[in-house]
Amino acid sequence: MGMWSGNLTKLITPLPDLMSLPSAEARIILALRVAVMSQKCYRDARPYLEDRLGSERAVSRFLILVEAIGGAWPESVTIARACCPHTMPDEILLLRMMRHAVDRNRPSFDALICEMIDPSSRDRIYLDMVNFAAVYGSRAAGS
């Protein structure tokens, strides 16, 4: 009973709202939403992303990261609309991956996605997350 109740608790735990996340993480989710919507509308996301990410270099590395994730994910990444205060499971998974990349915790990073993404794609995403975090600054660590 104990094992099942623990697993069920994980399944019914609500996802956090954007307002409950550290501001650096909320900006990453918003930037992801803007990047995806801009691509769907054939618009340049850079002007909007620079406000959220802080520099042109961060925007460039973020867009490289988004491309790597889009190419490796087995299905479409599910994101909410830019105006939605709720988060989606894929958005939270990406934040968890980012946290492990910032902490340079490769085993935990791999454990999150090893069953759905091949090793070479995991390598690329991990390195792209580390590179993005380096220019995004300490904000990516959850400040």
Quiz item: Do L18 and R27 have side chains that get closer than 4.5 Å, going by heavy atoms?
Solution: no

Practice problem: Could you note down all residue pairs passing salt bridge (Lys or Arg N to Asp or Glu O under 4.0 Å) where residues 37-50 supplies at least one of them, sequence neighbours left out? | Solution: none

Listed pairs under 3.5 Å, donor-acceptor, residues 76-97 side chains, sequence neighbours left out:
unit_1	atom_1	unit_2	atom_2	d
H86	ND1	D17	OD1	3.0
T87	OG1	P16	O	2.5
D90	OD2	T78	N	2.8
E91	OE1	R33	NH2	3.0
E91	OE1	M88	N	2.8
E91	OE2	R33	NE	2.7
E91	OE2	R33	NH2	3.3
E91	OE2	A80	N	3.1

Exercise. State the OG-CG distance between S23 and L30, to the nearest 0.5 angstrom.
Key: 11.0 Å

Exercise. Step by step, work out the side chain to side chain contact (heavy atoms under 4.5 Å, CB included) result for V36 and Q39.
Key: CA-CA 5 Å; V36 171; Q39 183 180 13; 5.5 Å; no

Quiz item: Of all heavy-atom pairs between A58 and V135, which one has the smallest distance, and what is that distance?
Solution: CA-CG2, 3.5 Å

Practice problem: Quick one: closest heavy-atom pair of Y136 and L53, and the distance? | Solution: CD1-O, 3.5 Å

Quiz item: Tell me, which pairs form a ring pair (Phe, Tyr, Trp, His ring centres under 6.0 Å) where one or both residues lie in residues 93-129, sequence neighbours left out?
Solution: F109-Y126

Self-check item: ring pair (Phe, Tyr, Trp, His ring centres under 6.0 Å) contacts in which one or both residues fall within residues 55-84, not counting sequence neighbours
Solution: F62-F132

Practice problem: Could you walk me through whether M98 and L65 pass the side chain to side chain contact (heavy atoms under 4.5 Å, CB included) test, one step at a time? | Solution: CA-CA 11 Å; M98 179 67 73; L65 171 61; 3.9 Å; yes

Quiz prompt | Pairs where residues 14-42 contributes a residue and the test ring pair (Phe, Tyr, Trp, His ring centres under 6.0 Å) is met, not counting sequence neighbours | solution = none

Quiz prompt | From CG (L21) to CG (L15), nearest 0.5 Å | solution = 10.0 Å

Practice problem: State whether D103 and R99 are salt-bridged, where the test is any N-O pair (Lys NZ or Arg NE/NH1/NH2 against Asp/Glu carboxylate O) under 4.0 Å. | Solution: no

Quiz item: Are the side chain of S121 and the backbone of I117 linked by a donor-acceptor contact shorter than 3.5 Å?
Solution: no

Self-check item: Within 6.0 angstrom of R124 CZ, more than 12 heavy atoms from elsewhere
Solution: yes

Self-check item: Closest non-hydrogen atom pair, A31 against L49
Solution: O-CD2, 3.3 Å

Quiz item: Nearest 0.5 Å, what's the CD1-CD1 distance between I113 and I125?
Solution: 5.0 Å

Quiz item: Are L32 and V130 co-members of a hydrophobic cluster defined by side-chain heavy atoms under 4.5 Å apart?
Solution: yes

Quiz item: Which residue pairs pass the salt bridge (Lys or Arg N to Asp or Glu O under 4.0 Å) test when at least one of the two sits in residues 106-119, sequence neighbours left out?
Solution: R106-D110, R106-D123, D110-R122

Quiz item: For R61, which residues count as a salt bridge (Lys or Arg N to Asp or Glu O under 4.0 Å) partner, sequence neighbours excluded?
Solution: none

